[in-house]
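Down below is the structure, laid out as structure tokens.
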Amino acid sequence: MQASAVCSSSAAAAVAGPASQQRRQGFAAAMRGAPLQQAAGRAARRTSALKVQARDFPKPEFEVEKTFQEMEAISNAIKAAPRPKNPLSVVIAGAGLAGLSTAKYLVDAGHKPIVLESRDVLGGKVAAWKDEDGDWYETGLHIFFGAYPNLMNLFKELDIEDRLQWKQHSMIFAMPDSPGEFSRFDFPDLPAPLNGIIAILQNNQMLTWPEKIRFALGLLPAIVFGQPYVEAQDDKTVTEWMRQQGVPDRVNDEVFIAMAKALNFIDPDELSMICVLIALNRFLQEKHGSKMAFLDGAPPERLCQPIVDYVTARGGEVRMKSGIKNIELNEDGTVKQYNLLNGESITADLYVSAMPVDIVKKLMPEPWGRMDFFSRLDKLVGVPVINIHIWFDRKLSTVDHLLFSRSPLLSVYADMSVTCKEYYDPNKSMLELVFAPAEKWIGRSDEDIIAATMQELERLFPGEVAADGSKAQIRKYKVVKTPLSVYKTVPECEPCRPTQRTPIRNFYLAGDYTKQRYLASMEGATFSGKLCAQAIAEDWNTSSVKPSQAAAKEPALA
């Protein structure tokens, strides 16, 4: 009970505790090995062929995109909503992006949010911590895509757009059969979908021309029929859809294993095709959709804190170390109060859960569990993921970009010492890697996970990294385990995602698992918070009664 309650107000991220000093020193000694081989060994890794420019690129012109304008219109509508006669107090459980976004847009709508966070760090699934040396380590490798219009609007509204470091418009994949080499898709400066088509056609390393043609034909229905077609594919895994559409298995092997692990930390044999099609639709239909940016520092400080500052400057509150113990109900089934782990209770006009779905299910009052709206949540289960940080004693031949590893154990990685300003180091590399699928590894020791990671890195950096530690040496490492991260997007999950309005009159939901047209992602979490605030404004800004009073008419359910 205690373990689940500790993370109840944000992401269900259980950070692996450090091994004992003796174990850590013993493992470091084992990894240390012989001195690095001479520069001739490095030549085996021919990254010079990538020609990725090691500089940040200008902010894309998102403002012309239809999706950006649609999300901007929602922001403006919330700000323009009639001012409530008396601002409502709204308690929000969870200070991840969903909870903080809910609070941000609630103050825009004229209300007084109080955000409760069980931990001492902001961010939920984008949380980060400093180690004893002052170096950051994060819950995940967080990439901001051009296809994230709500986040792009949020950065603009907070006036922190300069904190995004945009990279060259490319997608770069490791080549397992050619260790040390990479294949890339370069997007020219042309309108969508032409830029994506050219990027695919110009790459001849991963797919043959017949495979490209059959893949394009398979995607045609999604491009032509759009979102209705995409949502109708929720009953199929990626692999099933590919075979149904006549797409060669090798396309799955070459491209979609890597994409599936990057999107949801699982393989295409499990992942619902709706997840991939949503991403591909955005990438193909928006000129800047597949552009990537790194935040210039740790998310709690560089993104979450500005939201907190915005909220508190307008009368809201954020309380740390204030985890929820249980939700107490009135006789009519509405929320009476949130009871906290510290023994306190908090009452308000309205209540929001911005907690992960697994925690929502654990804290759900028994009477709610008998309601179809809430019982459907049983299908939504968090997927385990492991995020790894390895500080090396020298600079590796990496590039200033996100890289798809295409390894059995690793999803994506980046050398944060070149991609991120705050982590910059001209002499030593720090690799941040996503270890997925992680289900079979989440209970293993940090040492086992690092040893397996080094074996994979030996394939990616054959001239510079050896699994026995005889080349580049590990200075230190951090392993962050999240046993229950974003919900596992398996087939037929989509009907189980709840709306932000619930059947409970004074209770709303936010979270990337709730119903919104984006993935279980930072964008999905941010959009869910905006939709939650919009629903509250629509339901109560013109109401003549408070949520705690009897109403002649209940707010309509979405």
Side-chain angles (χ1 to χ4, degrees), residues 1 3-5 7-12 91-94 96 98-99 102 124-125 231-237 264 266 270-272 274-275 323-339 350-384 483-520 524-525 527-529 531-532 535-536 539 547 554-558:
M1 181 65 180
S4 64
C7 55
S8 65
S9 292
S10 61
V91 175
I92 303 165
T102 303
K125 297 185 186 75
E231 292 182 1
Q233 309 313 304
D234 184 46
D235 63 338
K236 305 174 189 70
T237 67
N264 198 238
I266 58 177
E270 291 187 275
L271 183 67
S272 169
I274 191 175
C275 188
I324 306 297
K325 180 181 179 181
N326 59 51
I327 301 171
E328 188 172 337
L329 303 183
N330 294 306
E331 290 185 3
D332 63 358
T334 59
V335 179
K336 178 181 180 180
Q337 61 191 25
Y338 281 171
N339 295 321
L350 291 172
Y351 300 83
V352 174
S353 167
M355 300 179 286
V357 65
D358 298 283
I359 306 303
V360 172
K361 290 187 291 186
K362 288 183 179 180
L363 295 179
M364 187 183 301
E366 189 273 333
W368 293 3
R370 297 193 296 268
M371 303 172 69
D372 180 64
F373 181 91
F374 291 107
S375 65
R376 283 181 291 164
L377 297 182
D378 289 343
K379 174 83 172 179
L380 306 179
V381 179
V383 63
L484 299 170
S485 182
V486 297
Y487 77 92
K488 194 173 185 179
T489 312
V490 296
E492 300 182 346
C493 271
E494 198 63 21
C496 302
R497 299 176 70 182
T499 55
Q500 287 75 38
R501 288 186 179 94
T502 79
I504 308 304
R505 186 169 180 266
N506 63 346
F507 182 72
Y508 293 76
L509 293 173
D512 60 10
Y513 70 94
T514 62
K515 193 73 173 176
Q516 37 82 21
R517 67 189 192 190
Y518 290 90
L519 307 171
F527 192 22
S528 78
L531 291 175
C532 183
I536 290 173
D539 291 346
E554 297 290 322
L557 293 180

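- A heavy-atom distance below 4.5 Å is found between the side chains of S353 and V360.
- Considering only heavy atoms from C-beta on, F527 comes within 4.5 Å of R517 through its side chain.
- For the pair K362 and D358, the salt-bridge criterion is not met [side-chain N within less than 4.0 Å of a carboxylate O].
- When all heavy atoms are compared, the tightest approach of E270 to P491 is O-CD, 3.3 Å.
- Looking at every heavy atom in both residues, L509 comes nearest to T502 through CG-CG2, 3.7 Å.
- A heavy-atom distance below 4.5 Å is found between the side chains of D234 and P495.
- Taking 4.5 Å as the limit, some side-chain heavy atom of P356 sits within range of a side-chain heavy atom of K125.
- Using a 4.5 Å cut-off on side-chain heavy atoms (C-beta onward), F374 and P498 make no contact.
- In this structure, the ring of W368 has its center less than 6.0 angstrom from the ring center of F507.
- The shortest side-chain heavy-atom distance between I274 and E231 falls under the 4.5 Å cut-off.
- A salt bridge links K515 with E494: at least one charged nitrogen is closer than 4.0 Å to a carboxylate oxygen.
- Using a 4.0 Å cut-off between a side-chain N of Lys or Arg and a carboxylate O of Asp or Glu, K361 and D378 do not qualify as a salt bridge.
- Counting only heavy atoms from C-beta outward, the side chains of P384 and L484 never approach each other to under 4.5 Å.
- Two rings, from Y508 and Y351, have their centers 6.0 Å or more apart.
- The two residues F373 and L377 have their closest heavy-atom pair at O-CG, 4.4 Å.
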Chi angles and distances behind the side chain to side chain contact (heavy atoms under 4.5 Å, CB included) call for I327, Y338
CA-CA 5 Å; I327 301 171; Y338 281 171; 3.8 Å; yes
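- Nearest heavy-atom pair across L271 and N264 is CD1-CB, 3.5 Å.
- How far CD of Q500 is from CG of L531: 4.5 Å, rounded to the nearest 0.5 Å.
- Residue Q516 holds its CD atom at 12.5 Å from SG of C532, rounded to the nearest 0.5 Å.
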Does the side chain to side chain contact (heavy atoms under 4.5 Å, CB included) test come out yes or no for L350 and V91, once each step is laid out?
CA-CA 6 Å; L350 291 172; V91 175; over 6 Å; no
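- Although no hydrogens or angles enter the test, the distance criterion places no donor-acceptor pair under 3.5 Å between the side chain of R376 and the main chain of R497.
- The backbone N or O of N330 sits nowhere less than 3.5 Å from a side-chain atom of T334 that would complete a donor-acceptor pair.
- Here the closest heavy-atom approach between residue G529 and residue T102 is recorded as CA-OG1, 3.1 Å.
- Nearest heavy-atom pair, A510 versus S528, reported as atom, atom and distance to 0.1 Å: C-OG, 3.8 Å.
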For T237 and S272, what are the C-alpha separation, side-chain angles and deciding distance, and is it a side chain to side chain contact (heavy atoms under 4.5 Å, CB included)?
CA-CA 4 Å; T237 67; S272 169; over 6 Å; no
Using the side chain to side chain contact (heavy atoms under 4.5 Å, CB included) rule, take K336 and L329 through it: C-alpha gap first, then chi angles, then the decisive distance, then the call.
CA-CA 5 Å; K336 178 181 180 180; L329 303 183; 5.7 Å; no
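- Using a 4.5 Å heavy-atom cutoff, the side chains of M371 and I504 are in contact.
- In summary, the side chains of Q337 and N339 do present a donor paired with an acceptor at a separation below 3.5 Å, with no hydrogens or angles considered.
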